[in-house]
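Here's the structure, in structure tokens; my notes come after.
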Amino acid sequence: MNEQRKDILDMLAEGKVTAEEAERLIAALEQDQPSTASSLAARSKGKAKYLRVMVDALDENGEPGRVNVRVPLQLLRAGVRLTALIPPQALGKANTELNKSGVPLDLTQLRPEQLEALVDHLDEMTVEVDQPDAKVRVFCE
């Protein structure tokens, strides 16, 4: 049994999700599991596994600071799939709060294929932002 499946079963045992929700999560997990052959082919192509965000900047004291975040793309993919389990009322409230915070993102319109397109484009490019006191790089590896 893989770790993700165990986590879902633990959430079910703790009453954090219903049996139906656990079943949907496990089904989504199984759909995402590539066959061994396709998994090996993806690795040989150098398919991106992480979204990387690197920031070099000066802090308020003028000292150099660095942020280096590496997010597994599987986590992003799982998050997109999990939005299907969120009740529409909650998504509406989340969208409202995101908009208030200046993030114009509609979670009801988020689709896995959109994430895959973004990952494919980031895999081919690096976004760099240079400012006098900061350098930001976003890329996939």
Side-chain angles (χ1 to χ4, degrees), residues 1-131 133-141:
M1 178 181 314
N2 71 25
E3 190 66 29
Q4 293 169 327
R5 184 181 301 263
K6 183 182 177 310
D7 289 344
I8 293 168
L9 293 175
D10 287 343
M11 289 189 313
L12 176 63
E14 295 169 5
K16 293 180 178 177
V17 296
T18 65
E20 292 81 20
E21 291 170 331
E23 183 178 15
R24 284 187 293 207
L25 286 169
I26 289 173
L29 230 133
E30 289 172 350
Q31 288 176 350
D32 193 48
Q33 297 298 321
S35 67
T36 306
S38 65
S39 176
L40 291 174
R43 281 190 205 127
S44 65
K45 286 187 213 173
K47 186 168 174 115
K49 294 182 182 180
Y50 298 96
L51 174 67
R52 190 82 176 264
V53 179
M54 298 171 66
V55 180
D56 291 314
L58 298 176
D59 66 13
E60 61 268 359
N61 299 325
E63 298 288 322
R66 183 176 188 145
V67 175
N68 188 353
V69 180
R70 195 168 104 165
V71 180
L73 289 173
Q74 281 302 105
L75 180 64
L76 297 176
R77 290 179 180 111
V80 170
R81 283 191 306 278
L82 286 175
T83 60
L85 299 175
I86 300 173
Q89 302 86 353
L91 283 175
K93 288 181 180 179
N95 284 336
T96 301
E97 292 302 316
L98 285 169
N99 282 322
K100 283 182 188 176
S101 300
V103 181
L105 179 67
D106 186 354
L107 296 175
T108 62
Q109 300 301 314
L110 195 57
R111 302 285 179 259
E113 54 274 4
Q114 293 169 324
L115 178 65
E116 292 306 318
L118 174 64
V119 168
D120 288 344
H121 289 293
L122 279 176
D123 194 26
E124 299 168 3
M125 63 180 274
T126 297
V127 178
E128 293 190 27
V129 179
D130 287 318
Q131 293 183 347
D133 61 344
K135 180 176 182 177
V136 179
R137 291 182 64 214
V138 180
F139 59 98
C140 286
E141 61 178 16

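The shown structure was predicted, so the numbers you read here are calculated from the model rather than taken from an experiment.
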(Q) E23: which residues meet the side chain to side chain contact (heavy atoms under 4.5 Å, CB included) condition with it, sequence neighbours left out? (A) none
Q: Tell me, please, which residues at least two apart from D10 pass salt bridge (charged side-chain N to carboxylate O under 4.0 Å, His left out).
A: K6
Q: Please identify each residue that fulfils side chain to side chain contact (heavy atoms under 4.5 Å, CB included) with A78, with sequence neighbours left out.
A: R81
Q | Pairing residues for R70 by the side chain to side chain contact (heavy atoms under 4.5 Å, CB included) criterion, not counting sequence neighbours | A | Y50, R52, E141
Q. In chain order, what residues pass the salt bridge (charged side-chain N to carboxylate O under 4.0 Å, His left out) check against K93, with sequence neighbours excluded?
A. none
Q) CG/N68 to CE/M54 distance, rounded to the nearest 0.5 angstrom? A) 4.5 Å
Q.
Can you list everything that forms a salt bridge (charged side-chain N to carboxylate O under 4.0 Å, His left out) with E63? Sequence neighbours excluded, please.
A. none
Q | Pairing residues for D56 by the salt bridge (charged side-chain N to carboxylate O under 4.0 Å, His left out) criterion, not counting sequence neighbours | A | R66
Q) With sequence neighbours left out, what residues match N61 under side chain to side chain donor-acceptor pair (under 3.5 Å)? A) none
**Q.** Contacts of type side chain to side chain donor-acceptor pair (under 3.5 Å), residue E97, not counting sequence neighbours
**A.** K100
Q.
So, using side chain to side chain donor-acceptor pair (under 3.5 Å) as the criterion, who are the partners of Q89 when residues are at least two apart?
A. none
Q: Run through D106, T96, I86 and flag the one making a side-chain contact (heavy atoms from CB on, under 4.5 Å) with L91.
A: I86
Q) Taking only residues two or more places apart in sequence, or in another chain, which ones meet I8 in a side chain to side chain contact (heavy atoms under 4.5 Å, CB included)? A) M11, A22, L25, I26, L29
